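Note sheet for the following structure.
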Amino acid sequence: MVDFRFHVSSLVAIFLALGIGILIGTTLVGDDVLVKEQKLIVDRLEQDFELLREQNRLSQKEIAVFKNSNDNYQRFAQEILPIVLKDRLIGQDIAIVVTNGYAATEGLEHGLKLAGANIVSVSRINSSYNFNDSNSRYLICSKLGIKPARTSSEFSARVAGFLAQAIVEGIDPETVQFLEETGLASLQGSFSGSLDIVIMLGGSQEERQNSVNLPDLPMIDYFLAKGLKVAGTEFTHVTTSYMGLYQSKKIITVDNIDMAPGQVALVFALNGLPGNYGVKSTADDLIPPLENIMVGSDFNEQSED
């Protein structure tokens with residue numbers, strides 16, 4: 001799209017330069033021919049300026065039309081979600097693990113609840129924690145009862161394993177409070193009941209050079225070892241995508257979970273149609289095949305198949 005502000009600024013600068021040139025030319029030279037030529041240039045620039053202003057007006061009108069159309073599609077998607085997702089995950093106990101530190105889970109939770117799922121816990125893991133302080137590492141390892149870590153990567157992996165175990169098998173309130181006070185994690189919900197599915201919500205708004213301290217992969221390894229179904233998700237617009245990392249673990253991935261199509265894809269992927277869905281280059285499809293989506297089926301029956 002044309003950067004009209006840049007062009008307008010350029011034209012204003014040219015007008016000012018010509019005005020100064022006309023003033024200097026008239027004062028020093030008194031050449032009527034020079035003044036006429038400069039006036040012709042000014043007239044042409046005025047026409048260009050008017051053309052740009054008209055193009056800008058038309059572009060703004062097109063943007064308004066597209067925005068209105070997009071709003072209508074979004075409204076339609078939200079209206080149809082309850083019909084499409086109804087009872088697709090009935091009776092399934094789900095834990096949500098947020099590792100990007102910023103994402104709101106309301107949209108994700110809304111879609112899962114429409115599908116009849118029971119969200120037992122929401123855990124937020126601080127992947128930006130300062131892992132390099134050896135004294136803090138020793139204190140935390142001692143408090144959590146895990147083997148001391150010599151390096152930041154060892155510490156990250158061991159804490160991630162501890163948190164994954166806590167989410168699946170339970171954790172005492174005192175340790176939950178300690179994790180929150182140290183800034184390592186915030187755990188809310190029930191951690192002593194049954195669990196069927198874990199949904200990782202990753203992606204980062206920061207530039208990440210490597211993934212050495214990310215808790216996602218060690219946690220996924222633990223969940224898979226416990227026989228749980230795992231899905232890796234993120235928002236449509238993130239600076240650093242985790243999709244490649246998640247897909248290396250051969251789990252379900254959805255890269256646009258903040259959108260209605262992403263929520264549909266996740267529910268049906270968990271309901272027996274696994275794959276890599278979304279709008280990014282790492283996705284294979286936007287959503288599972290429509291002929292499969294429209295066939296109602298029980299989660300457990302598809303899982304056994």
Side-chain angles (χ1 to χ4, degrees), residues 1-3 62-63 66-67 69-74 76-78 80-81 84-85 88 94 96-112 115 124-125 127-128 156 160 197-221 223-224 228-294:
M1 183 176 293
V2 177
D3 190 339
E62 290 178 359
I63 290 172
F66 285 133
K67 183 179 184 304
S69 177
N70 181 65
D71 290 343
N72 288 334
Y73 276 116
Q74 291 293 334
F76 170 76
Q78 292 302 320
I80 204 172
L81 270 182
V84 174
L85 300 183
R88 297 287 179 171
I94 297 180
I96 298 174
V97 181
V98 184
T99 64
N100 55 27
Y102 71 92
T105 61
E106 286 81 1
L108 171 59
E109 292 185 50
H110 176 66
L112 294 172
R124 293 182 176 274
I125 315 301
S127 60
S128 298
S156 176
I197 299 168
V198 178
I199 298 174
M200 308 293 296
L201 179 53
S204 175
Q205 296 295 6
E206 301 175 356
E207 292 284 355
R208 288 189 177 275
Q209 300 302 320
N210 58 65
S211 58
V212 66
N213 287 331
L214 289 180
D216 302 59
L217 300 187
M219 297 185 80
I220 291 172
D221 287 337
F223 296 139
L224 292 176
L228 299 174
K229 189 182 292 290
V230 182
T233 68
E234 66 186 18
F235 283 5
T236 307
H237 301 292
V238 293
T239 302
T240 302
S241 173
Y242 290 5
M243 288 295 104
L245 295 174
Y246 290 158
Q247 290 170 11
S248 71
K249 296 298 181 180
K250 308 299 182 185
I251 63 174
I252 293 165
T253 63
V254 178
D255 65 32
N256 59 337
I257 199 61
D258 52 318
M259 300 172 62
Q263 294 165 23
V264 170
L266 176 64
V267 168
F268 281 89
L270 293 172
N271 195 23
L273 298 171
N276 303 312
Y277 301 109
V279 295
K280 300 172 186 175
S281 60
T282 47
D284 297 323
D285 293 293
L286 177 64
I287 56 176
L290 289 176
E291 61 269 22
N292 294 326
I293 286 181
M294 300 313 296

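Just so it is clear, the structure is predicted and the values come from calculations on it, not from any experiment. All residue numbers in this chain count up from 1 along the given sequence.
Inter-residue side-chain proximity for Leu266 and Ile257 is flagged as met; some heavy-atom pair is nearer than 4.5 Å. Taking 4.5 Å as the limit, some side-chain heavy atom of Val230 sits within range of a side-chain heavy atom of Met200. The shortest side-chain heavy-atom distance between Lys250 and Leu224 does not fall under the 4.5 Å cut-off. Two residues are said to be in side-chain contact when any heavy atoms from C-beta on lie closer than 4.5 Å; Leu286 and Asn256 meet this criterion. Side-chain contact between Met219 and Ile125 is present, with at least one heavy-atom pair separated by less than 4.5 Å. Contact annotation: the side chain of Leu112 approaches that of Ile94 to within less than 4.5 Å [non-hydrogen atoms, C-beta and beyond]. Residues Ile220 and Tyr246 have side chains in contact (heavy-atom distance under 4.5 Å, counting atoms from C-beta outward). Phe235 is not listed as a side-chain neighbour of Asn100, based on a closest heavy-atom distance of 4.5 Å or more.
Between Val267 and Ala115, the shortest heavy-atom contact is CG1-CB, 3.9 Å. In this structure, Leu270 and Ala231 approach most closely via the heavy-atom pair CD2-CB, 4.2 Å. Of all the heavy atoms in Pro215 and Thr99, the pair that sits closest is CG-CG2, 4.2 Å. In terms of heavy atoms, Leu273 sits closest to Pro288 at CD1-CB, 3.8 Å. Contact between Asp216 and Gly202 at its shortest, heavy atoms only, is OD2-CA, 4.4 Å.
Atom CG of Asp255 sits about 10.0 Å away from atom OG1 of Thr233, to the nearest 0.5 Å. We find the CD-CG distance between Gln263 and Leu85 to be 7.5 Å, quoted to the nearest 0.5 Å. Residue Thr105 holds its OG1 atom at 5.5 Å from CD1 of Ile96, rounded to the nearest 0.5 Å. Distance check: Asp285 CG to Tyr277 OH gives 6.5 Å after rounding to the nearest 0.5 Å.
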Evaluate Leu217 against Lys249 for side-chain contact (heavy atoms from CB on, under 4.5 Å), listing each step before the verdict. CA-CA 8 Å; Leu217 300 187; Lys249 296 298 181 180; 4.1 Å; yes

Before you tell me yes or no, could you show the steps for Thr253 and Thr282 under side-chain contact (heavy atoms from CB on, under 4.5 Å), namely the whole-Å CA-CA distance, both residues' side-chain angles and the distance that decides it to 0.1 Å? CA-CA 9 Å; Thr253 63; Thr282 47; over 6 Å; no

Go through the steps for Leu108 and Ile199 under the test side-chain contact (heavy atoms from CB on, under 4.5 Å), then give the verdict. CA-CA 10 Å; Leu108 171 59; Ile199 298 174; 4.1 Å; yes

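Proximity of a side-chain donor or acceptor of Glu234 to a complementary backbone N or O of Tyr242 within less than 3.5 Å is detected. In this structure, the side chain of Asn276 does not engage the main chain of Asp284 through any donor-acceptor pair within 3.5 Å.
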